[in-house]
Structure formats: structure tokens, C-alpha cells
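Naming convention: chains lettered A, B, ... in sequence-line order (proteins, then strands); numbering from 1 in each chain.
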2 protein chains.
Amino acid sequence: MIQERACENGICKVRVVHTEKIKEARANSPSEKKIDYLSSIFKALGDPSRMKIVFALKDVEMCVCDLAAFLDITESAVSHQLRRLKDLGLVKYRRDGQIYYYTLKDDHVAELLKSALNHMSK
Amino acid sequence: MIQERACENGICKVRVVHTEKIKEARANSPSEKKIDYLSSIFKALGDPSRMKIVFALKDVEMCVCDLAAFLDITESAVSHQLRRLKDLGLVKYRRDGQIYYYTLKDDHVAELLKSALNHMSK
DNA sequence: TTTATATATGAACGTATGATCATATATTAA
DNA sequence: TTAATATATGATCATACGTTCATATATAAA
């Protein structure tokens with residue numbers, strides 16, 4: 001078992017047991033930026049309400065009050081969540097008079113959900 | 001534009017604009033149970049630290065202090081996060097003396113991450 | 001045994017989150 | 001115009017989260 005200690009009698013107390021594994025992980029992992037982006041996407045889908053919204057918009061274009069009725073939460077709550085999804089680029093809307101029709105912005109999210117469903121249901 | 005109101009002059013103020021769309025969404029969406037499960041998985045990956053952990057464990061078996069060094073956070077913090085991942089069934093460990101070697105529990109998560117990377121990088 | 005080590009676990013703390021209520025804005029109808 | 005409607009937005013609040021510190025547990029070494 002490899003055991004190393006940097007600056008043993010100083011302040012530094014970093015313990016590194018398997019240096020080469022850490023190196024390998026560093027080499028293979030996505031950049032910090034990519035990690036942050038990816039995890040923000042997963043976080044957005046990591047809430048039942050938002051996941052329901054995204055599933056609903058996968059096939060059908062819906063307005064805010066439709067979604068509110070479907071989710072059984074306030075229209076305000078839906079609007080807030082839609083804003084988060086829109087800010088992340090997962091959702092877009094078209095406007096017809098007073099009504100905002102929301103849909104998924106592109107297929108990436110739908111694909112992601114599909115593969116999630118596939119993998120998880122095994 | 002279809003506009004319906006149930007219990008107009010009562011307490012109920014549910015507004016339903018497109019009944020058929022809501023029906024369709026209901027028909028096509030996964031069950032509440034599945035939504036909860038799926039969103040909990042996404043939530044688990046919706047944090048940079050946990051996502052880094054999962055990416056690291058994708059290829060290499062690592063112990064807690066390796067991960068702590070890799071992530072540059074406390075071993076305690078890593079341990080807490082590993083527990084969450086383990087409770088969700090995303091991660092497992094084998095023990096060799098005092099050292100716990102963690103890996104991904106199965107390929108589902110790795111696959112999910114892979115498709116996420118693919119879809120998002122376009 | 002006693003001590004060191006690797007990890008787990010609980011408490012604490014600041015911060016983020018998701019919902020609701022109240023209010024603002026913008027379009028349509030009267 | 002004025003009133004109604006559809007949605008957006010800001011404030012608020014209880015709760016959940018992620019980290020660290022302190023401590024417990026269990027194995028290994030002396």
C-alpha cells in the first residue's frame with residue numbers, strides 16, 4: 001500500500017494513498033467547466049416538478065396553466081420553474097396573445113430522459 | 001381557444017385551457033413513483049462534487065482519501081457524499097483492511113453520463 | 001494493550017431551494 | 001378607457017443541502 005505524506009512536520013497534511021489513480025482520474029475526467037455545466041443540467045432535472053414538466057413538454061406544447069393543472073401546483077410555481085428551465089436553455093416558448101406555449105428547446109434533453117428511462121428500468 | 005372553469009362561483013378555481021393536452025401528458029408521462037426515482041438519480045448527479053466522484057469511479061477504483069485529494073475537499077465530505085450515492089445504489093465498496101475501495105455499482109450510471117456528455121457536447 | 005490510521009457519523013452553520021402569496025406587466029375584451 | 005386574463009416577478013418562509021469540525025468505530029501496527 002503506497003502511503004505518502006507531503007510536508008510531514010509542517011502545516012500541510014495532504015494524504016495521498018494512490019497517486020497514479022488520482023492522476024488517471026484527473027486525465028479522464030471532464031473539465032471543471034464541463035462538470036459544472038453537466039451537473040447544472042442534472043440538477044434541473046433533479047426535481048420531481050421540473051422532471052414532470054420536461055416529460056410533459058416532450059410530446060406536447062403546453063401553456064403555463066395547463067402545466068399547473070397537470071402538476072397540481074400554482075401557476076406561479078410553474079412559471080418560476082419554467083424560468084429556470086429556460087435560463088438553462090432546456091425550454092423555449094412561443095407566444096399567442098396572452099398565452100405562452102412552452103416546448104423543449106431541442107432533442108438533447110428528451111434523448112437524455114429516454115436513455116435514463118431505458119437504463120434505469122433494467 | 002378552449003376555456004373551461006370548474007366550480008365558477010364556488011371555492012374551486014381550477015383553470016383548464018387545453019384539456020386534451022393535459023390528458024395526453026397524463027397518458028404519456030411515467031408514473032409518480034418513476035418520476036420520483038428518476039429525479040432522485042438526477043439530483044444525485046446534480047452536484048459538482050458527486051458528479052466528479054462518479055466520473056472518477058467510472059474507470060478507476062478509489063479510496064476515500066484518494067477522492068478527497070482529487071476533489072480537494074475533506075475526507076469527511078467525501079464520505080458523506082459517498083453515503084448518499086451508496087444509499088441510492090449508484091456506488092458500492094469493497095474493503096481491504098482499513099481502506100474502502102469504491103466503484104460504480106453498475107454500468108447504468110456510466111451509460112447515463114456518457115449519453116449526457118454526447119448529447120450536451122453537440 | 002496502546003497508538004496510529006481510515007473511514008463513518010453526528011452536530012452545526014451558512015446557503016440554496018421550492019412553494020406560496022402579493023403584485024406587476026402586458027394583452028385582450030367590453 | 002376600463003376590466004379581465006395569462007403570465008412574470010419579487011418577497012417570504014420553511015426546509016433541504018453541502019461542507020466542516022468534532023467525535024466514534026474498527027482495523028493494523030508497535
Rounded distance (Å) that lies between atom C1' of C:dT27 and atom CD1 of A:Ile99: 11 Å
Parallel, tilted or perpendicular: which one describes the rings of B:Tyr93 and B:Tyr100, with boundaries at 30° and 60°? tilted
Begin from the C-alpha positions of A:Leu112 and B:Leu112 and carry the test side chain to side chain contact (heavy atoms under 4.5 Å, CB included) through to its verdict. CA-CA 8 Å; A:Leu112 186 56; B:Leu112 186 55; 4.0 Å; yes
Scanning both residues in full, the closest heavy-atom pair of A:Ala25 with B:Ala56 reads CB-CB, 4.1 Å
To the nearest 0.5 Å, atom CG of B:Leu57 lies from atom CG of B:Leu104 at 5.5 Å
How many angstroms lie between atom CD of B:Glu24 and atom OG1 of B:Thr19, to the nearest 0.5 angstrom? 12.5 Å
I'd like to check, for B:His80, whether its ring lies over the base of D:dT19 with centroids under 5.5 Å apart and a plane angle smaller than 30°. no
Among A:Lys86, A:Lys52, A:Arg50, whose side chain to side chain donor-acceptor pair (under 3.5 Å) with A:Gln81 holds? A:Arg50
Give a yes/no answer on whether the side chain of A:Ser49 brings an N or O atom under 4.0 Å of OP1 or OP2 in C:dA19. yes
Whole-Å distance, B:Leu67 CG to C:dA6 P, equals 15 Å
May I ask you to verify if any side-chain N or O of B:Arg95 is less than 4.0 angstrom from the OP1 or OP2 atom of C:dT7? no
Just checking B:Lys86: base, sugar-phosphate only, or nothing, at a heavy-atom cut-off of under 4.0 Å? nothing
Between D:dG18, C:dT20, C:dT9, which nucleotide gets closest to the side-chain atoms of A:Ala77? C:dT20
Passes side chain to side chain contact (heavy atoms under 4.5 Å, CB included), A:Glu75 versus A:Ser79? Steps please. CA-CA 6 Å; A:Glu75 294 177 21; A:Ser79 181; over 6 Å; no
Between atom CG in B:Asp47 and atom P in D:dA16, what is the gap in whole Å? 17 Å
Please report the distance, rounded to the nearest Å, between CG in B:Leu82 and P in C:dA8. 7 Å
So, for A:Ser49 and A:Leu71, which heavy atoms are closest and what is the spacing to 0.1 Å? O-CD1, 3.8 Å
Nucleotides 1-4 of chain C: which of its N/O atoms have a protein N/O under 3.5 Å away?
none

In this structure, how many angstroms lie between the P atom of D:dC17 and the CZ atom of B:Phe42, rounded? 17 Å
Taking all atoms of both residues into account, what is the closest heavy-atom pair of B:Ile35 and B:Pro30, and its distance? CG1-O, 3.8 Å
Where along residues 52-63 of chain B does a heavy atom come under 4.0 Å from DNA chain D, residue by residue in number order? none
Would you say B:Arg83 places a side-chain N or O within less than 4.0 Å of OP1 or OP2 belonging to C:dA8? no
Let me know the distance between CZ of B:Arg94 and C1' of C:dT7, rounded to the nearest Å. 15 Å
B:Tyr100 side chain, from C-beta outward: closest of C:dG10, D:dA8, C:dT7: C:dT7
Shortest side-chain distance from B:Thr74, nucleotide among C:dG10, D:dT20, C:dA19: D:dT20
Write down the distance between CG (A:Asp87) and C1' (C:dT17), rounded to a whole number of angstrom. 15 Å
How long is the straight-line distance from CD of A:Glu61 back to NZ of A:Lys92, given to the nearest 0.5 Å? 8.5 Å
Strictly below 4.0 Å: does B:Arg50 bring a side-chain N or O up to OP1 or OP2 of D:dG18? yes
Kindly indicate, with the supporting measurements, whether the criterion side chain to side chain contact (heavy atoms under 4.5 Å, CB included) is fulfilled by B:His18 and A:Cys63. CA-CA 8 Å; B:His18 308 92; A:Cys63 70; 3.9 Å; yes
Once you build an axis from the first five pairs and another from the last five of the helix from C:dT1-D:dA30 to C:dA30-D:dT1, how far apart in angle are they, to 10 degrees? 10°
Where the side chain of B:Arg84 is defined as all heavy atoms beyond and including C-beta, which of D:dA22, D:dC17, D:dA8 is the nearest nucleotide? D:dC17
Between CG of B:Leu71 and P of D:dG18 the distance, given in whole Å, is 13 Å
Tell me which one of B:Asp47, B:Leu85, B:Leu90 satisfies side-chain contact (heavy atoms from CB on, under 4.5 Å) with B:Ile53. B:Leu85
Closest to the side chain of B:Tyr102, out of D:dA8, C:dA8, C:dT20, is C:dA8
D:dC17 phosphate, OP1 or OP2, under 4.0 Å from B:Lys43 side-chain N/O: yes
Is there a side chain to side chain contact (heavy atoms under 4.5 Å, CB included) between A:Lys34 and B:Phe55 once you walk through the steps? CA-CA 12 Å; A:Lys34 219 157 199 169; B:Phe55 264 113; over 6 Å; no
Has the side chain of B:Ser76 got a donor or acceptor that lies under 3.5 Å from a partner of the other kind on the base of D:dT19? no
